[in-house]
Amino acid sequence: KAGVTQTPRYLIKTRGQQVTLSCSPISGHRSVSWYQQTPGQGLQFLFEYFSETQRNKGNFPGRFSGRQFSNSRSEMNVSTLELGDSALYLCASSLAPQTGYTFGSGTRLTVV
Amino acid sequence: AQSVTQLGSHVSVSEGALVLLRCNYSSSVPPYLFWYVQYPNQGLQLLLKYTSAATLVKGINGFEAEFKKSETSFHLTKPSAHMSDAAEYFCAVSGRGNAGNMLTFGGGTRLMVKP
């Protein structure tokens with residue numbers, strides 16, 4: 001079966017711009033979560049959606065937002081980009097906590 | 001709050017030697033525990049998970065981990081390292097509730113395998 005698909009794989013944006021990243025979960029998975037990975041901070045949880053509702057949010061500024069559609073696809077948006085937002089953004093989908101989380105290949109965002 | 005500590009940000013072993021990557025967690029309730037592997041420019045691949053069945057968990061590629069509640073540990077082992085095992089490994093913990101699912105990761109351990 002198809003895995004978690006993230007698009008695009010690579011992005012280069014300028015400071016002050018905004019960006020939207022997309023994630024298509026495994027079919028049947030209703031939980032989608034997002035993580036930011038940087039060399040300095042490691043893997044940090046951004047937010048989690050389940051059935052179009054945000055259930056959990058990490059400690060990130062309001063410039064980071066997300067949403068989930070009725071087909072469980074999710075998008076995350078970062079507004080007013082800063083250099084420090086350069087990172088690998090990973091999406092994961094899950095059927096239930098005990099079944100584990102399947103990650104996509106990530107979107108590498110570079111802010112210049 | 002949950003936390004994960006991985007001792008050793010870099011571990012180097014010779015090909016054929018035992019691999020031991022350490023993970024300790026902190027959680028107020030018995031958590032679910034996971035080990036993931038990440039190859040360069042890729043996402044995270046699940047190696048194995050502990051969800052309160054057997055305390056010794058076998059995963060893919062010959063890896064296994066043992067949950068020790070008294071030591072709050074979940075160390076990852078492999079009897080014989082292969083060159084293809086060189087990657088970064090992450091230990092993670094999640095809660096059991098249905099109120100929301102999130103993974104808390106350790107800082108990662110980069111495994112290097114010498115020929």
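Here the structure is a predicted model, which is why all the values come from computation and not from measurement. Both backbone and side-chain heavy atoms feed into the values below; hydrogens, waters and symmetry mates do not. The sequence lines fix the lettering, A, B, ..., with proteins before strands; numbering per chain opens at 1.
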- Taking C-beta and beyond as the side chain, do B:Lys49 and A:Tyr101 meet within less than 4.5 Å on heavy atoms? no
- With the side chain counted from C-beta on, respond yes when A:Leu88 and B:Gln42 share a heavy-atom pair under 4.5 Å apart, and no when they do not. no
- Message: A quick test of your reading: do over 12 heavy atoms of other residues, nucleotides or ligands sit less than 6.0 Å from CG of A:Asn59?
- Response: no
- With the 4.5 Å side-chain cut-off for hydrophobic clustering, are B:Ile60 and B:Val37 part of the same group? yes
- Is A:Phe64 reachable from A:Val111 through a run of I, L, V, M, F, W or Y residues, each pair having side-chain heavy atoms under 4.5 Å apart? yes
- Item | Minimum side-chain heavy-atom gap A:Arg55-B:Met102 below 4.5 Å | no
- When A:Ser105, A:Gly42, A:Ser94 are compared by non-hydrogen pairs under 4.5 Å with chain B, the top option: A:Ser105
- Message: Assigning hydrophobic clusters by single linkage (Ile, Leu, Val, Met, Phe, Trp, Tyr; side-chain heavy-atom cutoff under 4.5 Å), is B:Leu7 placed with B:Leu111?
- Response: no
- Item | Which atoms of B:Gln38 approach chain A - backbone, side chain, both or neither, heavy atom under 4.5 Å | side chain
- Query: Within a radius of less than 6.0 Å around CG of B:Leu20, do more than 12 heavy atoms belonging to other residues, nucleotides or ligands occur?
  - Reply: yes
- So, do A:Tyr35 and B:Phe105 have ring centers that fall under 6.0 Å from each other? yes
- Message: Other residues, nucleotides and ligands only: do more than 12 of their heavy atoms fall within 6.0 Å of CZ on A:Arg15?
- Response: no
- Item | Student check: side-chain heavy atoms of B:Leu103 and A:Phe103 closer than 4.5 Å | yes
- Task: Measure the shortest side-chain to side-chain distance between A:Leu43 and B:Leu44 over non-hydrogen atoms and say whether it is less than 4.5 angstrom.
- Result: yes
- Query: Would B:Val11 end up clustered with B:Leu47 when hydrophobic side chains under 4.5 Å apart are linked, directly or stepwise?
  - Reply: yes
- Select one option (side chain, backbone, both, neither) describing which atoms of A:Gln37 are under 4.5 Å from chain B's heavy atoms. side chain
- Task: Go through the atoms of A:Phe45 and report whether side chain, backbone, both or neither lie under 4.5 Å from a heavy atom of chain B.
- Result: side chain
